[in-house]
Amino acid sequence: MELQNSKQLFRNALDRHYAIGAFNFVNMEVLKAILQAAEENKSPVIVQCSTGAIKYAGIKTLVAIVKSIVSDMTVPVCLNLDHGKTFEDCKNAVDAGFSNVMIDASSLNFEDNIALTKQVVEYAHSHNVTVEAELGVLAGIEEDVSANKSIYTDPIQAKEFVARTGVDSLAVAIGTSHGTHKFKGKAELAFDVLAEIEKQLPDLPLVLHGASSIPQEEVKLAEKYGAKLTGANGIPEDMLAKACKHNVCKINVDSDLKISYTAGLRKYLTENPDNVDIRKYSTAGMEEITKVVSHKISNVFCSKNMAN
Ligand code: G3H
Ligand code: 13P
Ligand code: ZN
């Protein structure tokens, strides 16, 4: 198959009330592990690279390995730029062959966010590439993505934003956050805000960032073999499943893959101290990722068997 933009993928997800997992990757190993789970479960999938991943691996290399693997697959795959910050980030991704780009101008004021998003939409659409934007602020800290507190998306502003930018999907802030430590107290998402956004924008695909559930069995496995992840926690799976029944069509997951790969790798290296074969310990990490992604597709996002 060829790479797909998000249009038809999200149309199907909206109509059939499931969400598509959008999984971050930084190298061939993580990518293959994600795609294996999607193919085995006959699920559409989004794979995405941050600007940090692009800096690490090179944009041409990343696109080439995605296209090469996807050409032998039967399920729809979309390649997304995650958190593009500038017009150039997005243009470079479009020119390199990405099929969806996110322009994250959520740290700018409303008018500047609209102006930059509109510029990206015009360029991307003229190349048959769809665009995700963000309104509101997520809590949490990532290498290149940071915010001190969560400011929920304003539903009325969201309606105006979409009308003025022509964006294809919108990342909303309802209490999720990036990283491995999401809640100090009780986990809570603002489903009332989500419902209000849907009332204003009944047909718009919504996106949840910072949606790792931080599976405790993976945390425990990583910790058993030496990782230090005290207090790591994520979005409870029942909340994610509930979001999928709303208009949330794309759920971003990165931290869960980082933890599960690390867990598999640490276990293998500890149990096989004489091994120096890169393929063997990498495979152990990849198997752990495939397991986690399969579980999400089948039991949380409900995109299993939705490839057609
Ligand atoms: O949302 C951000 C992603 O988790 C990116 O992480 O910058 O470490 O690649 P990264
Ligand atoms: P997590 O840190 O919860 O995995 O979020 C990833 C993300 O939103 C990527 O854009
Ligand atoms: Zn994100």
Side-chain angles (χ1 to χ4, degrees), residues 6 10 19-22 24 46 48 50 80-85 100-114 116-117 120 131-165 167-202 204-214 233-237 239-256 301:
S6 70
F10 288 163
I20 302 172
N24 286 68
I46 298 170
Q48 55 188 13
S50 66
N80 176 45
L81 170 70
D82 192 26
H83 293 284
K85 283 287 179 196
N100 191 81
V101 292
M102 176 198 192
I103 174 68
D104 176 1
S106 60
S107 61
L108 304 184
N109 69 46
F110 186 60
E111 286 301 327
D112 289 349
N113 188 348
I114 287 180
L116 180 50
T117 300
V120 171
V131 180
E132 170 187 336
E134 179 169 326
L135 196 58
V137 181
L138 272 76
I141 294 178
E142 290 283 338
E143 190 185 355
D144 290 313
V145 184
S146 66
N148 291 328
K149 60 188 189 114
S150 178
I151 301 169
Y152 295 152
T153 303
D154 178 329
I156 304 287
Q157 267 197 346
K159 185 174 183 175
E160 183 183 341
F161 183 88
V162 172
R164 288 176 60 191
T165 58
V167 79
D168 302 282
S169 60
L170 186 67
V172 293
I174 58 163
T176 61
S177 62
H178 292 104
T180 52
H181 292 69
K182 298 195 189 294
F183 296 103
K184 290 226 166 65
K186 198 168 152 268
E188 230 172 321
L189 294 186
F191 281 101
D192 54 334
V193 175
L194 188 59
E196 200 49 47
I197 295 169
E198 270 168 27
K199 217 159 115 190
Q200 296 299 328
L201 293 160
L204 187 80
L206 303 177
V207 180
L208 277 193
H209 280 250
S212 275
S213 55
I214 315 293
N233 66 15
I235 315 294
E237 288 185 346
M239 289 190 189
L240 294 170
K242 185 172 164 186
C244 300
K245 301 300 164 212
H246 285 265
N247 287 358
V248 171
C249 294
K250 172 173 180 274
I251 298 197
N252 282 19
V253 175
D254 185 11
S255 298
D256 287 352
F301 305 161

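- A pairwise comparison of heavy atoms in Ser106 and Asp104 identifies OG-OD1, 2.6 Å as the closest pair.
- In this structure, the side chains of Val131 and Ile103 come closer than 4.5 Å at one or more pairs of heavy atoms.
- No side-chain heavy atom of Leu170 sits under 4.5 Å from any side-chain heavy atom of Glu132.
- Between Arg164 and Lys159 the shortest side-chain heavy-atom distance does not fall below 4.5 Å.
- The CG atom of Leu194 sits 9.0 Å away from atom CG of Asp192, with the distance rounded to the nearest 0.5 Å.
- With rounding to the nearest 0.5 angstrom, the OG1 atom of Thr153 is 12.5 Å from the CD atom of Glu196.
- Every residue two or more places apart in sequence or in another chain was checked for a salt bridge (Lys or Arg N to Asp or Glu O under 4.0 Å) with Asp154, and none qualifies.
- Using a 30° and 60° split on the angle between ring planes, Phe161 and Phe110 fall in the tilted class, from 30° to 60°.
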message: Before you tell me yes or no, could you show the steps for Ser213 and Asp256 under side chain to side chain contact (heavy atoms under 4.5 Å, CB included), namely the whole-Å CA-CA distance, both residues' side-chain angles and the distance that decides it to 0.1 Å?
response: CA-CA 7 Å; Ser213 55; Asp256 287 352; 3.4 Å; yes

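- Side-chain contact between Gln48 and Lys250: present, with at least one pair of heavy atoms (C-beta onward) separated by less than 4.5 Å.
- A 4.5 Å side-chain heavy-atom check between Ile214 and Ser255 finds at least one atom pair inside the cut-off.
- Looking only at side-chain heavy atoms (C-beta outward), Lys242 and Glu237 stay at 4.5 Å or farther from each other.
- With values rounded to the nearest 0.5 angstrom, Asn24 atom CG is found 11.0 Å from Ile46 atom CD1.
- The minimum heavy-atom distance between Ala211 and Val253, with the atom names listed, is O-CG2, 4.3 Å.
- Between Thr117 and the choices Asn113, Ile114, Val120, the side-chain contact (heavy atoms from CB on, under 4.5 Å) rule is met once, by Asn113.
- Put simply, CE on Met102 and CD on Glu134 are 4.0 Å apart, with the number rounded to the nearest 0.5 Å.
- Separation of atoms CD1 (Ile174) and CG (Leu189) is listed at 5.0 Å; rounding is to 0.5 Å.
- Separation of atoms CG (Asn252) and CD1 (Ile20) is listed at 12.0 Å; rounding is to 0.5 Å.
- Without hydrogens or angle criteria, Thr176 side chain to His209 main chain gives a donor-acceptor distance under 3.5 Å.
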- request: Could you please spell out the steps behind the side chain to side chain contact (heavy atoms under 4.5 Å, CB included) verdict for Tyr152 and Val137?
  value: CA-CA 7 Å; Tyr152 295 152; Val137 181; over 6 Å; no

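- Judged purely by atom type and a 3.5 angstrom limit, Asn233 uses its side chain to pair as donor or acceptor with the backbone of Lys182.
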task: Apply side-chain hydrogen bond (donor to acceptor under 3.5 Å, both in side chains) to the pair Asp82 and Ser50, showing each step before the final yes or no.
output: CA-CA 5 Å; Asp82 192 26; Ser50 66; 5.9 Å; no

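- Counting only heavy atoms from C-beta outward, the side chains of Leu135 and Val172 never approach each other to under 4.5 Å.
- At least one side-chain heavy atom of Cys244 sits less than 4.5 Å from a side-chain heavy atom of Ile251.
- Nearest heavy atoms, Val193 versus Pro155: O-CG, 4.3 Å.
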